[in-house]
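First comes the structure, then the notes that go with it.
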There are 2 protein chains.
Amino acid sequence: MSKTEPRITLTEVARHAGVSRATVSLVLRDSPLVAAETRARVQASAEAVGYLYNRGAATMRGLRTRTVGLLVTEIDNPFFGELVAGAEAALEAAGYIAFLATTADSVERQQRALQRLREHRVDGLILCAAGGTTPQDIATLAGQGMPCVQAMRQVRGSRGDFTGADNLLGLEHLTEHLIRLGHRRFAFAGTAVMNSSLRHRLDGVETALRRHGLPAPLVLRTAATRQGGAEAAETLWRMRDRPDALVCCNDVVAFGAIPALQRLGAGIGQDIAVTGVGDVPEAANGNPPLTTVATDPRRIGQEAVRLLLRRIAQPAAAMEQVVLPARLVIRASCGAAMPLPAGAA
Amino acid sequence: MSKTEPRITLTEVARHAGVSRATVSLVLRDSPLVAAETRARVQASAEAVGYLYNRGAATMRGLRTRTVGLLVTEIDNPFFGELVAGAEAALEAAGYIAFLATTADSVERQQRALQRLREHRVDGLILCAAGGTTPQDIATLAGQGMPCVQAMRQVRGSRGDFTGADNLLGLEHLTEHLIRLGHRRFAFAGTAVMNSSLRHRLDGVETALRRHGLPAPLVLRTAATRQGGAEAAETLWRMRDRPDALVCCNDVVAFGAIPALQRLGAGIGQDIAVTGVGDVPEAANGNPPLTTVATDPRRIGQEAVRLLLRRIAQPAAAMEQVVLPARLVIRASCGAAMPLPAGAA
DNA sequence: ACGCTATTTTAGATCGATCTAAAATGCAAA
DNA sequence: TTTGCATTTTAGATCGATCTAAAATAGCGT
């Protein structure tokens, strides 16, 4: 059946309206060249014959595709869920649509996804780079003239647009708060695969501790997952000179650590403070509610889109790096809901 | 600079390899027509000149785009996060890539997204239809020859491929369990916007109650969100002849209802049982852990892809509806962790 | 060397839009 | 009526791949 039906192209619209293909093309793109009367007639004809614009054909003459690639490590993590939601909404508002690809933190999968996105001629990329991505990888994209914004994670030593949370300052504030509550021996969990985001979080903890003359944190090289959080908790609880504060690299790790510690008999907030990073909606809702550093992933997604559209419009513009403030959210899991003095970001 | 650089097309590869464009095209698509020696030479040339396949150009000759549209209501809900993750992985394995679009349960946004996806000539659609989608909308897609699989929600009265969870049986089992624990007065929360999935969940509750000669549940027409859950909790708690079981339409609603009830002084599991649907990872982790009906969203995503690829390959195949089993997961929020007899799905 | 078939390769048209450069049209002034 | 200028419209080439139908080449038996 699809053999016989003649597909409806701009030629059919032109025939129906009694004008040339060129005129129809101009009308479709709202060119001011065409007379108002003609425009109306053509639009009516397009409607009448059931015309559907073919973006692929237009792209062949070198036009933008109005698509971008959205590469994240995992979409089931609510943190990236929010980031993607923010980006998707901003793209939709700008008339763009996103190809979604996930890498599971594997550079091979990331490479395959990039190849496919380039074949589809995306206008640009929002990239939460997989661990192990090299500055050379980022430079290669730039060399191909592919606009690219790194979100959340910045490949160490790479150049280019970036947006993410102020992990360094956020974790400093968190650590200061824990110190003020009387905690002295710190552990940091979830560093099995390192990336710039994690690096800064750990740096923030170390900086604050150093400032107070306290020993560096114990670094637990477990996975940045629920499961990894549980493992970190078990390791930690078995120690002789056990830490009294467990700073998890993100909320999901804390969600894994807390029930594990509870099973082992720990009183969260009493025997040990546990904190996360991200402030995903579930954080307010745990047992106990989680003290965390809010990084506003939805906002990061929006900002990444803004940077990307700017880069697409002006490929040679100066590079821009937007670090969004991180906000300390104090709940019960750190032992005391003592608010910071006003003015602390 | 992009003006001067001659873009590398199949013509350049042909020139470099000393063959015709047609031959290069055959090599690119692994045609058996071309001699092994020639094939190798062309592949080497493609590599040498840095050739990148242009899918858009190929599409113009009527080839598949190898893209599909993935339309969900919200991507920040972990339930859909998992569904999308499952679908994305399955698509990637099949050499497809997904356009992601979200509708926020608005038919207008859904309509805009569909239009854009059609302009991009997606090979098919996985659709979690927005509330208010009509059978006519689905029929229109079919009339356009657009392969479409409905996931999770099936537009009432529509025809076509579908996959989702067995909400009816799942909620019947859940209700039976609550009845066995001694609960008698039921409420059901989250029906502000109705869809087939919600309909079946409510039906399941009603069927089980009827079977036991118990009164129909009180239906709370609150939003299917965290916020809506909290509102339902407050309404319910103020009642004189208060229900003793709150069945929430999904986990997120339960996550909103539980802390609200606790603030009002209710003992979850003692004064009132609260349950969810979905079994997102956070469910095991709440305060208290949530009794829920596991619907395996990741699996639903995979299954939707299988159905869609089948439909794309065989547009005229018989329609298929795959209802995946839902599993009762008993935790503390229902008051007692009494396991069902073996054999209950 | 010849015809014959089987295997490889290719020229040129084609998909559906856009772009360029030129042609048609309208209108006012000369 | 003609000229000049601005406004509208258009023919035809073009983007980069694929397809068709035909041509070139190879292989084989006689």
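Letters A, B, ... are given to chains in the order of the sequence lines, protein chains preceding strands, and every chain is numbered from 1. Note that the structure is a prediction, hence the values are computed from the model and not measured.
Per the geometry, CZ belonging to Arg41(B) stands 11 Å off C1' belonging to dT9(C), to the nearest Å. For the pair Leu52(B) CG and dG16(D) P, the interatomic distance rounds to 12 Å; values are reported in whole Å. In this structure, Leu26(B) atom CG and dT20(D) atom P are separated by 12 Å, rounded to whole Å. Rounded to whole angstrom, the span from the CZ atom of Arg55(A) across to the C1' atom of dT18(C) amounts to 14 Å. At whole-Å resolution of the value, CG in Leu10(A) and P in dT10(D) are 12 Å apart. Across the protein-nucleic acid pair, Arg64(B) atom CZ and dC15(C) atom C1' stand 15 Å apart, rounded to whole Å. Between the P atom of dT7(D) and the CD atom of Glu37(A) lies a distance of 18 Å, rounded to the nearest Å. Rounded to whole Å, atom P of dT20(C) lies 12 Å from atom CG of Leu33(A).
Using a 4.0 Å heavy-atom distance criterion, Ala58(A) is classed as a sugar-phosphate-only contact. Among the atoms of the strands shown, none is found under 4.0 Å from any heavy atom of Thr59(B). Counting any heavy atom pair closer than 4.0 Å across all strands shown, Leu63(A) reaches sugar-phosphate atoms only and no base atom. In this structure, Ala35(B) reaches the sugar-phosphate backbone alone: every heavy-atom distance under 4.0 Å involves primed, P, OP1 or OP2 atoms, never a base. If you check every strand for non-hydrogen atoms under 4.0 Å, Val19(B) touches sugar and phosphate atoms only.
Of the listed nucleotides (dT8(D), dC19(D), dA17(C)), dA17(C) has the atom at the smallest distance from the side chain of Ala57(A). Comparing atom distances between the Arg21(A) side chain and each of dA11(C), dA13(D), dT14(C) picks out dA13(D) as nearest. Distance from the side chain of Tyr51(A) is smallest to dA17(C) among dC15(D), dA17(C), dT9(C). The side chain of Arg61(A) sits closest to dT18(C) out of dT8(D), dT18(C), dT10(D). When the nucleotides dG16(C), dT18(D), dT10(D) are ranked by their closest atom to the side chain of Asn54(A), dG16(C) comes out on top.
Taking for each of Arg121(B) and Arg39(B) the nucleotide of DNA chain C with the nearest heavy atom, the 5'-most of the two is the partner of Arg39(B).
Inter-residue side-chain proximity for Met146(B) and Val122(B) is flagged as met; some heavy-atom pair is nearer than 4.5 Å.
When the side-chain nitrogen and oxygen atoms of Thr9(B) are compared with OP1 and OP2 of dG16(D), none of them lie within a distance under 4.0 Å. Between Arg29(B) and dT18(D), a side-chain N or O to OP1/OP2 separation shorter than 4.0 Å is present. Here Thr23(B) reaches the OP1 or OP2 of dT10(C): one of its side-chain N or O atoms lies under 4.0 Å away.
Remark: of the listed residues Leu114(B), Leu307(B), Leu125(B), Leu125(B) is the sole one forming a side chain to side chain contact (heavy atoms under 4.5 Å, CB included) with Cys148(B). Tested against Thr133(B) for a side chain to side chain donor-acceptor pair (under 3.5 Å), the candidates Gln110(B), Arg156(B), Gln150(B) yield a single pass: Gln110(B).
Of the possible donor and acceptor atoms, one in the side chain of Arg311(A) sits under 3.5 Å from a partner among the backbone N and O of Ala317(A).
Remark: Arg41(B) CZ is packed, more than 12 non-hydrogen atoms of other residues, nucleotides or ligands lying under 6.0 Å away.
A donor-acceptor contact under 3.5 angstrom links the side chains of Arg29(A) and Ser25(A), judged on distance only. Using a 3.5 Å distance cut-off with no hydrogens or angles, the side chains of Asp137(B) and Thr134(B) do pair a donor with an acceptor. Side chain to side chain, Glu47(A) and Gln43(A) fail the donor-acceptor criterion of an N or O pair below 3.5 Å.
When the C1' atoms of four end pairs are superposed on the next four at each end of the helix from dA1(C)-dT30(D) to dA30(C)-dT1(D), using five pairs per end, the two resulting axes differ in direction by 50°, to 10°.
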